[in-house]
Each structure stands twice: as C-alpha cells, then as structure tokens.
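Note: hydrogens, waters and symmetry copies are ignored here, and every other heavy atom, side chains too, is used. We count ligands from 1, going down the list as the structure has it; atoms in each ligand are counted the same way. All values derive from a computational prediction rather than experimental measurement.
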Amino acid sequence: MRISLSMTRMSLLFLFVVFTLNYHSQSDLIADTCKKTEFPEFCISTLRSNRRSASADVNGLARIVFEAGLAKATSTLNKVNLLLKKTTERILKQCLQICANVYDDALDNISQAIENVGSNNSQAVYYASEASINVEDCEESFDEEPNKRKSPLTGDNNVVDQLVNIGAAIVHPIG
Ligand SMILES: *[C@@H]1O[C@H](CO)[C@@H](O)[C@H](O)[C@H]1NC(C)=O
Ligand SMILES: *[C@@H]1O[C@H](CO)[C@@H](O)[C@H](O)[C@H]1NC(C)=O
C-alpha cells in the first residue's frame, strides 16, 4: 500500500514533468516560429488564442494563422457590403466596390494558401502574396488623386495583410 502510494506519487510527478516539458517546448516552438516573422507579437497572440496551437507543428501553426486571416477577411468583406448599402456618395461607393471585388479574390487566395500548406509551401507563399496584393488594392483605392478619401478599412486591411504576411513567413521554404 505504502509502496504503491509512493509509486502513484512518482508517476504523478513524472507526468507533471513530462507535461511541463512538453508545454515548454511547444511555447518555444511558437516563440521561435514567430521570431522569424515581421510581426512577432501579433503572431504569438494569434497562435495563443487558438487551442489547436498547443499540439500543432510548424505547418499547423501556419494554417492557424492563415485561418485567422481568412476569418478576418470574411468579416471585412461583410463590413464592406454593409458600408456599400449605406453609402450614396459616388466615389466612396466605387472604392468600396473595388474592395468587395478584391476581397472576393483575397478569400480565394487565402483558401488556396491554406490548401497548399504542407504540400507545396512555395505555392502557399505565392497565394499569400496574392492576397496581400488584393488587400493593398482595396486600401489604395481610397488614395486615388484627385478624389482621395479616408479609408474606412485601414485597420481591417492591416490586420488581414499582417496575418497573411505572418503565415507566409512561417512556411517560407529555406533557401
Ligand atoms: C488572387 O488574386 C489575384 C489578384 O491579385 C486574382 O487575379 C486571382 O484571381 C486570385 N486568385 C484566386 C484563386 O482567386
Ligand atoms: C508547387 O506548385 C507549383 C505550381 O503548381 C509547381 O510548379 C511546383 O512544382 C510545385 N512544387 C512541389 C514541390 O510540388
């Protein structure tokens, strides 16, 4: 009885150590992975907010970041469509229409990036850079002289752009 009790304690201690080491190495993987990106803080907070990150490998981490980008792009497109309904001003409406179109492309491009992670990472990077161009096209549409407008989407565009940028940096093939 005494022995088995202490053995139970031993195995609990053992499990505790294993879990701790495991947790530690996974948080190192997230930190190390995010260090290689342009936005390490945002990378870390994005990954830590998803439970799947705890057991993901590097490709899995890239997928999680791209999925966050896809979710943000989807909500941004919804916002664009809402703004389009409310906007009567002609120039602003044209800009928003450009954003609706390029965000449609961005959703496809990010989905393609996700599909290619792990099987063809250079393709994943290619689609991510296409998505980045889509988002920049939206932002720049408000910046056309002589009809410059304040973009109502700068914050959203930056978040999507940064997420696809981080995803691409994570899968970027070495060499
Ligand atoms: C990705 O974006 C480009 C424009 O940058 C667009 O021409 C293309 O159709 C998009 N790709 C997909 C798969 O939608
Ligand atoms: C990745 O996809 C591109 C374009 O389809 C192709 O040219 C390339 O050979 C693929 N690479 C691998 C490793 O499959």
Worksheet item: Counting both backbone and side chain atoms, is some N or O of Asn134 under 3.5 Å from an N or O of ligand 1?
Response: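 Yes; at least one N/O pair falls below 3.5 Å.
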
Worksheet item: Mind checking whether Tyr127 has an N or O less than 3.5 Å away from an N or O of ligand 1?
Response: no

Worksheet item: Between the main-chain N or O of Ala113 and the side-chain N or O of Asn116, is there a donor-acceptor pair closer than 3.5 Å?
Response: no

Worksheet entry | Any donor-acceptor pair under 3.5 Å from Lys93 side chain to Thr87 backbone |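 Yes; judged by distance alone, with no hydrogens or angles, the pair exists.
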
Discussion item. Quick one about Ser111 and Glu115 (side-chain donor to acceptor, distance below 3.5 Å, no hydrogens or angles considered), yes or no?
Written reply: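 The criterion, which ignores hydrogens and geometry beyond distance, is not satisfied for Ser111 and Glu115.
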
Worksheet item: Side chains of Asn78 and Tyr103: do they bring a donor and an acceptor to under 3.5 Å?
Response: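 The criterion, which ignores hydrogens and geometry beyond distance, is not satisfied for Tyr103 and Asn78.
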
Worksheet item: Quick one: side-chain hydrogen bond (donor to acceptor under 3.5 Å, both in side chains) pairs with a partner in residues 32-43, sequence neighbours left out?
Response: Asp32-Lys35, Glu38-Asn165

Worksheet item: Which ligand 1 atoms, with their elements, are less than 4.0 angstrom from a heavy-atom of Asp108?
Response: 12 (C), 13 (C), 14 (O)

Discussion item. Using the rule given for side chain to side chain contact (heavy atoms under 4.5 Å, CB included), can you reason through Glu144 versus Gln94, listing the C-alpha separation, both sets of side-chain angles and the distance that settles it, and then say yes or no?
Written reply: CA-CA 11 Å; Glu144 300 269 341; Gln94 284 173 0; over 6 Å; no

Item to complete: Would you mind reporting whether Val159 and Leu163 have side-chain heavy atoms less than 4.5 Å apart?
Response: yes

Item to complete: Check each protein residue for a heavy atom under 4.0 Å from ligand 2 and list those that pass, ordered by chain and number.
Response: Asn120, Gln123

